[in-house]
Amino acid sequence: LSLRRQRQICIRARNSPSQTMHDLLSSRHIETLVFKKKIEQIQAFVKEQQQCPFDIGLIGSFGRKIPGTLINSFPCGMLVAHPSLLPKYRGSSPIQHSLLNGEKTTGVSLIEISKDVIDGGKILKQKDCEISEEDNFMSLAKKCGVVAG
């Protein structure tokens with residue numbers, strides 16, 4: 001993949017559970033946008049993309065379907081860092097489901113975004129993450145953020 005410019009962006013929802021991902025990306029000088037479930041924000045970003053486009057988008061902890069207009073605004077597409085070993089626990093609550101179902105291992109999947117199915121794109125890479133007896137939502141979300149590294 002050859003990018004025209006060295007610009008990267010991560011998009012996450014306002015109520016994202018993982019400040020860890022934001023902190024990690026910021027430490028690597030990757031700009032982060034936070035959308036607050038408002039279609040107007042997404043439309044404004046898409047319009048801005050036409051003026052000064054990013055090559056590729058990375059979604060982290062968004063928890064809902066991404067509008068096709070946003071996906072199409074990235075010439076090289078978009079990727080999703082999802083906190084489960086897909087296809088297991090596809091959707092908006094994978095960490096909670098891993099804990100509630102007593103899983104011993106989860107992980108992070110990097111996938112291409114799909115316009116049709118939430119978390120249904122091509123899996124590019126996966127990394128395991130062990131779940132300990134002491135883990136709760138916050139500790140496991142942090143572990144997954146580190147694994148996504």
Side-chain angles (χ1 to χ4, degrees), residues 1-101 103 105-131 137 140-149:
L1 178 65
S2 175
L3 303 179
R4 294 175 305 215
R5 288 188 302 282
Q6 292 290 328
R7 293 184 74 196
Q8 301 170 36
I9 188 167
C10 175
I11 301 168
R12 66 188 186 97
R14 175 181 58 108
N15 294 324
S16 170
S18 181
Q19 185 66 26
T20 305
M21 179 180 276
H22 173 75
D23 294 344
L24 177 67
L25 293 168
S26 294
S27 74
R28 295 182 180 177
H29 308 289
I30 297 174
E31 182 179 347
T32 304
L33 294 182
V34 179
F35 290 138
K36 299 177 182 175
K37 297 185 180 181
K38 296 192 178 184
I39 194 69
E40 297 83 20
Q41 285 183 296
I42 293 174
Q43 289 170 339
F45 177 76
V46 169
K47 193 172 192 177
E48 181 183 315
Q49 265 288 86
Q50 295 169 348
Q51 307 300 316
C52 188
F54 288 92
D55 294 305
I56 192 166
L58 172 65
I59 301 291
S61 300
F62 203 70
R64 60 192 142 275
K65 191 171 182 192
I66 306 301
T69 54
L70 181 59
I71 297 168
N72 293 337
S73 72
F74 291 93
C76 297
M78 296 182 80
L79 304 176
V80 177
H82 183 81
S84 81
L85 296 174
L86 291 169
K88 197 169 194 177
Y89 303 129
R90 178 177 285 143
S92 64
S93 303
I95 294 171
Q96 294 92 326
H97 285 106
S98 294
L99 291 167
L100 288 170
N101 291 330
E103 300 289 350
T105 305
T106 188
V108 177
S109 300
L110 182 65
I111 62 171
E112 292 177 348
I113 196 160
S114 168
K115 294 179 190 175
D116 303 317
V117 179
I118 293 176
D119 302 324
K122 179 180 174 187
I123 297 171
L124 303 174
K125 187 167 185 166
Q126 293 183 311
K127 282 189 178 179
D128 290 347
C129 177
E130 296 301 317
I131 302 174
F137 174 79
L140 189 53
K142 186 172 184 175
K143 279 184 182 180
C144 287
V146 170
V147 167

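Nearest heavy-atom pair across Ser114 and Gly120 is CB-C, 4.0 Å. Contact between Leu85 and Val108 at its shortest, heavy atoms only, is CD2-N, 4.1 Å. Across all non-hydrogen atoms, the minimal contact from Pro94 to Ser92 is CD-C, 3.3 Å. Counting all heavy atoms, side chain and backbone alike, Val80 lies closest to Asp119 at CG1-OD1, 4.0 Å. In terms of heavy-atom proximity, Ile131 sits nearest to Thr105 at CD1-C, 3.9 Å. Of all the heavy atoms in Arg90 and Val117, the pair that sits closest is CD-CG1, 4.3 Å.
In this structure, NZ on Lys127 lies 12.0 Å from SG on Cys144, to the nearest 0.5 angstrom. With rounding to the nearest 0.5 Å, the separation of NZ in Lys122 from CG in Leu86 is 15.0 Å.
Every residue two or more places apart in sequence or in another chain that forms a side-chain hydrogen bond (donor to acceptor under 3.5 Å, both in side chains) with Gln126 is listed here: Ser109. Asn101 pairs by the side-chain hydrogen bond (donor to acceptor under 3.5 Å, both in side chains) definition with Tyr89, not counting sequence neighbours. Lys88 meets the side-chain hydrogen bond (donor to acceptor under 3.5 Å, both in side chains) test with Glu103; sequence neighbours excluded.
The side-chain heavy atoms of Cys129 and Leu140, taken from C-beta on, include a pair separated by under 4.5 Å. The closest side-chain heavy-atom distance from Thr106 to Ile95 is not below 4.5 Å.
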**OP:** For Glu112 and Leu79, run side-chain contact (heavy atoms from CB on, under 4.5 Å): C-alpha distance rounded to whole Å, both residues' side-chain angles, the deciding distance at 0.1 Å, then the answer.
**Re:** CA-CA 5 Å; Glu112 292 177 348; Leu79 304 176; 4.2 Å; yes
